[in-house]
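Note that this is a predicted model, so its numbers are computed, not measured. Whatever order the structure lists ligands and atoms in, that order sets their numbers, starting from 1.
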Amino acid sequence: MINVHSYESMGTFDGPGLRLVVFLQGCPFRCLYCANPDTMEAKGGTPTPPEEILQMAISQKAFFGKKGGITFSGGEPTLQAEVLIPLFKDLKANGIHICLDTNGGIRNEKVEELLSLTDLVLLDLK
Ligand code: SF4
């Protein structure tokens with residue numbers, strides 16, 4: 001299960017084109033200026049089957065056009081790298097462009113693999 005805070009359909013601020021933005025729950029940072037402070041706590045959010053996110057993206061693919069796709073933001077998506085890896089593989093297999101919005105604070109083997117499956121990293125240094 002992927003712990004989701006919320007979604008934004010047809011987002012225009014989190015990567016190129018029109019995008020499905022998935023805000024994930026949990027972040028190890030505590031930035032005072034955080035725009036989504038209710039995503040910080042690892043607890044909370046909605047445990048969501050990866051298949052549900054995949055189907056949502058496929059159903060919106062026609063609106064993504066040549067530039068758009070799906071963006072994973074938060075919170076800090078790399079906290080959930082292990083469960084995101086198979087979803088990223090399925091998204092790629094369906095031709096959906098993937099952006100990852102990350103603070104770059106977590107580096108391990110799973111995060112490296114997740115990054116290798118990501119089309120565009122939006123690195124937001126804190
Ligand atoms: S890294 Fe991002 S999500 Fe995490 S607390 Fe800072 S601004 Fe908020």
* Protein contact to atom 3 (S) of ligand 1 [nearest heavy atom, distance to 0.1 Å] -> G75 N, 3.5 Å
* Given the side-chain rings of F72 and F23, with only the six-membered ring counted for Trp, is the space between their centroids under 6.0 Å? -> no
* Asked: For ligand 1, which part of C27 has a heavy atom less than 4.0 Å away: the side chain, the backbone, both, or neither?
  -> side chain
* Modelled atom types, side-chain donor and acceptor of D38 and H5, under 3.5 Å -> yes
* atom 6 (Fe) of ligand 1: which protein heavy atom is closest, and how many Å away? -> C31 SG, 2.4 Å
* Does ligand 1 have any atom sitting under 4.0 Å from a heavy atom of M40? -> yes
* **Gap between atom CZ of R19 and atom CD of E8 - 0.5 Å precision** => 12.0 Å
* N/O/S from C34 sitting under 2.8 Å away from atom 8 (Fe) of ligand 1 -> yes
* From F13 atom CZ to D101 atom CG, the distance as rounded to the nearest 0.5 Å -> 14.0 Å
* For atom 1 (S) of ligand 1, which of L32, D38, T39, N103 has the closest heavy atom? -> N103
* To do: Please check if atom CZ in R30 has more than 12 non-hydrogen atoms from other residues, nucleotides or ligands closer than 6.0 Å.
  => yes
